Amino acid sequence: MAETLNTQFGIKGQLVFNADASGLIVAEIDNVLGSASLCLQGAHLMTWQPKSQAVPVVWLSRDTKPAVGKSIRGGAPVCWPWFGAHATESAFPGHGFARTVPWRVIESGTEPDGATRLTLRLVASDKTRIQWSHECNVDLTVIVGETLRMEMTTENTGSTDFVIGEALHTYFQIGDIGQVRVTGLDGCEYWDKVGGSNLRRQEGGISFSGETDRVYINTGATCVIHDDELNRRIHISKSGSLSTVVWTPWVEKANKMGDMGQPEGWREMVCVESVNAIENVVKVAAGTTHTLIVEYRAESV
Ligand code: BG6
């Protein structure tokens with residue numbers, strides 16, 4: 001399998017496919033601008049580090065191991081075709097099934113600036129059709145360079161409209177959760193999911209002193225993670241996304257989750273997710289497409 005992929009889509013000195021211990025295939029990208037790895041199961045970007053940065057920009061838990069049918073902790077999970085719990089079916093997986101099913105490679109190439117491009121398509125199966133019966137294609141293109149760009153396109157190939165929720169649920173590497181600040185959401189309304197579900201309004205930047213789980217709505221704004229310990233800012237810009245989720249589990253929830261990395265791996269990450277959820281779910285009319293795009297950039301300060 002890896003061998004065939006290398007023949008068809010490998011790029012000498014830039015992109016190679018390897019099978020890991022569990023048998024899952026991981027695309028390893030390393031070019032003059034940056035490096036990344038992406039598990040074909042879930043189209044799950046696991047790591048990304050531009051060459052200008054001494055520390056990765058995307059966080060991956062030390063305790064996570066790719067396993068068939070299981071989501072990887074960290075990286076950039078693809079949530080689709082719903083975000084959070086399914087609206088009516090409690091047995092369906094949280095954040096949808098896209099992150100735990102196989103995707104296949106459909107294209108690879110090099111951008112004019114030397115960045116590496118890889119496109120995957122979700123593979124539908126009898127299992128996924130039970131949860132989602134609509135005819136569609138879901139493609140994720142990842143462009144790895146000095147910046148990281150991800151484009152997720154949902155194409156409705158059927159004859160009836162459908163509605164999706166979705167996210168690129170990225171975990172960012174930070175020095176310490178107690179000292180970072182996230183800006184870009186001043187004045188936005190958000191659903192606060194800690195201790196019930198309450199609608200509140202953000203005032204100023206966000207700093208963290210406990211579990212935080214917020215769905216900011218009606219915002220396409222660029223967010224910035226200000227990290228004084230790692231001396232950098234991470235810029236998160238997006239299009240085709242009107243919700244932004246900011247999440248950190250803090251100690252109690254992280255301990256319950258059990259895969260956040262010991263000791264205190266949770267302190268070294270924050271999720272700033274580009275999402276369409278709650279009132280921002282997206283109607284994809286028959287014969288049309290919808291694309292969610294994110295671009296991440298780390299700036300040393
Ligand atoms: C966030 C949600 O997007 O993902 C949180 O807002 C959730 O409520 C978190 O805990 C992690 O989810 P999961 O399914 O990957 O453990």
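Numbering starts at 1 and runs along the sequence shown. Values in this document were obtained by computation on a predicted structure and should not be read as measured data. Atoms within a ligand are numbered from 1 in the order they appear, just like the ligands themselves.
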Whether R267 engages the ring of W250 as a cation-pi pair (distance to the six-membered ring centre under 6.0 angstrom, angle to the ring normal within 45°) should be assessed.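 Relative to the ring axis of W250, which defines the angle, R267 lies inside both limits.
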Can you confirm whether the side chains of [X] and [Y] place a donor and an acceptor under 3.5 Å from each other?
X	Y	answer
Q202	Y216	yes
R62	Q262	no
Q173	D227	no
T170	Y296	yes
Y171	R73	yes

What protein heavy atom sits nearest [atom], and how far off is it?
atom	value
atom 1 (C) of ligand 1	H169 NE2, 3.3 Å
atom 13 (P) of ligand 1	R73 NH1, 3.7 Å
atom 11 (C) of ligand 1	W247 CH2, 3.6 Å
atom 15 (O) of ligand 1	R99 NH1, 2.9 Å
atom 5 (C) of ligand 1	D213 OD2, 3.2 Å
atom 12 (O) of ligand 1	H95 NE2, 3.6 Å

Which ligand 1 atoms does [X] reach within 4.0 Å, using its non-hydrogen atoms?
X	answer
E273	1 (C), 3 (O)
F83	3 (O)
K253	10 (O)

Does R149 come within less than 4.0 Å of E151, counting only side-chain N to carboxylate O?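 Yes, this pair counts.
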